[in-house]
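In this chain, residues are counted from 1 in sequence order.
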Amino acid sequence: MTDDLEHLRRSRPDRLLPDDPPDPEVLAREKARLMAAITEPGSTARGDTARDDTARDDTARGSAGERGAGAAGAGERGAAVHRRTPSIYPRLAYRDEVAALEFLTRAFGLVERREARMEHPDGMLAWLELGDGVVMIGRAGEERHGLHSPLETGASTAMVNAYVHDIGSHYRRAEAEGARIVTPLEDMFWGDRRYEALDLEGHRWHFAERMPGTRARPPA
């Protein structure tokens, strides 16, 4: 059956999937507002206020100090509403991005921004957080910005650097979950304790902790 609305049905926005998803911060903020409206009567106005606050914060986020102030305020108004996407964040390509997502969360302790995931018929895009950092993962291929997995290139072409808490425990977890350790845990002259590992497709990850936070703990 067809009617005057048929052309609108055919152009449903959930069927028009862009190669790059919208800002995950917007998705997280609107999800938080929706859940607040469901669980807290009369909360919609507060959600609007939080959204306005976020808009003002975004306008003023030109400096690192201002971004830090916005992050401090997030604890008061709800972290899900005010999470920030860094000005620079990498995108890693995988042949099997679903398996990569499972590995990175299990072995390296990254946390997915689940509300930001975009699932296409021919691939998935996801954001993963570690501390205040964000990495985006997706399907490899020429049609995907020409990005390739190390499985295709035969070598790693970049390295993701990340600071973590309790580097010894992080190292043992990654090793136990199957990460390939390429540089063992060691203390560096510039004040870090670090190690390096490859994920399941060969992207290189450098994990470290600043020495003042490690002196109370023996090396792993």
Side-chain angles (χ1 to χ4, degrees), residues 13-28 30-31 79-80 83-185 194-209 220:
D14 59 332
R15 291 177 178 167
L16 304 177
L17 299 176
D19 181 58
D20 287 310
D23 187 344
E25 180 188 341
V26 175
L27 297 174
E30 295 308 311
K31 176 185 176 183
R83 286 186 301 183
R84 292 284 183 262
T85 298
S87 297
I88 296 177
Y89 62 97
R91 172 169 173 167
L92 301 180
Y94 294 89
R95 283 182 176 176
D96 187 342
E97 70 280 9
V98 176
L101 172 62
E102 190 277 333
F103 176 86
L104 294 173
T105 56
R106 173 172 49 82
F108 293 160
L110 279 70
V111 178
E112 183 189 5
R113 288 185 176 182
R114 182 61 183 86
E115 68 278 0
R117 184 191 298 183
M118 298 289 287
E119 298 182 59
H120 300 246
D122 57 349
M124 178 190 74
L125 293 170
W127 272 269
L128 301 174
E129 298 179 339
L130 187 64
D132 58 1
V134 176
V135 62
M136 180 182 180
I137 67 171
R139 181 75 57 88
E142 281 299 324
E143 71 282 6
R144 303 296 183 186
H145 305 282
L147 300 176
H148 295 280
S149 164
L151 289 179
E152 299 167 329
T153 63
S156 300
T157 58
M159 182 169 69
V160 180
N161 295 271
Y163 280 102
V164 298
H165 173 71
D166 194 350
I167 187 69
S169 294
H170 195 277
Y171 174 87
R172 291 188 291 272
R173 171 180 177 172
E175 187 175 42
E177 294 295 342
R180 179 185 170 193
I181 306 299
V182 291
T183 300
L185 197 63
R194 65 92 181 265
Y195 77 94
E196 293 179 7
L198 303 181
D199 63 28
L200 78 174
E201 292 198 15
H203 288 292
R204 194 177 187 107
W205 296 73
H206 175 111
F207 295 103
E209 184 177 19

Exercise for review: Quick one: list whatever passes ring-ring contact (aromatic ring centres under 6.0 Å, His included) with F103, sequence neighbours left out.
Suggested key: F108
Revision key, fill the gap. Residues Y195 and A174: closest non-hydrogen pair is OH-CB, 3.4 Å
**Study point:** CD-CG distance between E102 and D96, expressed to the nearest 0.5 angstrom
**Key:** 10.0 Å
Check your understanding: Hey, are D166 and R173 close enough for a salt bridge, meaning a charged N less than 4.0 Å from a carboxylate O?
Key -> no
Review point. At their closest point, which heavy atom of Y94 faces which heavy atom of L200, and how far apart are they?
Key: CE2-CD2, 4.3 Å
Exercise for review: Write down the atom of P86, the atom of D132, and the distance for their closest heavy-atom approach.
Suggested key: CG-O, 3.8 Å
Review point. With the threshold set at 4.0 Å, does a side-chain nitrogen-carboxylate oxygen contact exist between E119 and R114?
Key: yes
Review point. Given side chains that start at C-beta, do those of H170 and H165 come closer than 4.5 Å, heavy atoms only?
Key: no
Exercise for review: Working to the nearest 0.5 Å, report the span between OG1 of T105 and CD of E129.
Suggested key: 13.0 Å
Practice item. Check whether any side-chain heavy atom of R172 sits under 4.5 Å from a side-chain heavy atom of L185, and report yes or no. Key: no
Review point. In Å and rounded to the nearest 0.5 Å, what is the CD1 to CD distance from I181 to E175?
Key: 5.5 Å
Exercise for review: Give a yes or no answer on whether the side chain of R139 reaches the backbone of D122 with a donor-acceptor pair at less than 3.5 Å.
Suggested key: yes
Check your understanding: How about I167 and R194: do any of their side-chain heavy atoms sit closer than 4.5 Å?
Key -> no
Check your understanding: Can you find a pair of side-chain heavy atoms, one from M124 and one from L101, that are under 4.5 Å apart?
Key -> yes
Review point. Going by heavy atoms in the side chains, are W205 and L110 under 4.5 Å from each other?
Key: yes
**Study point:** N161, CG atom: more than 12 neighbouring heavy atoms under 6.0 Å
**Key:** yes
**Study point:** Over all atoms of both residues, closest heavy-atom pair of S149 and A140
**Key:** N-CB, 3.8 Å
Check your understanding: Do the non-hydrogen side-chain atoms of L104 and H203 ever get within less than 4.5 Å of each other?
Key -> no
Review point. When rounded to the nearest 0.5 angstrom, what is the spacing between CD in E196 and OH in Y171?
Key: 12.0 Å
Practice item. State, with a plain yes or no, whether a side-chain heavy atom of L125 is found less than 4.5 Å away from one of H120. Key: yes
Exercise for review: Start with the C-alpha gap between I137 and E112, add the side-chain angles, then the distance that decides, and say whether side-chain contact (heavy atoms from CB on, under 4.5 Å) holds.
Suggested key: CA-CA 10 Å; I137 67 171; E112 183 189 5; over 6 Å; no
Review point. Using 4.0 Å as the upper bound for N to carboxylate O, is an ion pair formed by R113 and E115?
Key: no
Check your understanding: What distance separates E142 CD from L147 CG, expressed to the nearest 0.5 Å?
Key -> 9.0 Å
Practice item. Say whether, by atom type as modelled, one donor and one acceptor occur between the side chain of R91 and the main chain of G138 under 3.5 angstrom. Key: no
Practice item. Would you check if the side chain of E201 reaches a backbone N or O of R95 as a donor-acceptor pair within less than 3.5 Å? Key: yes
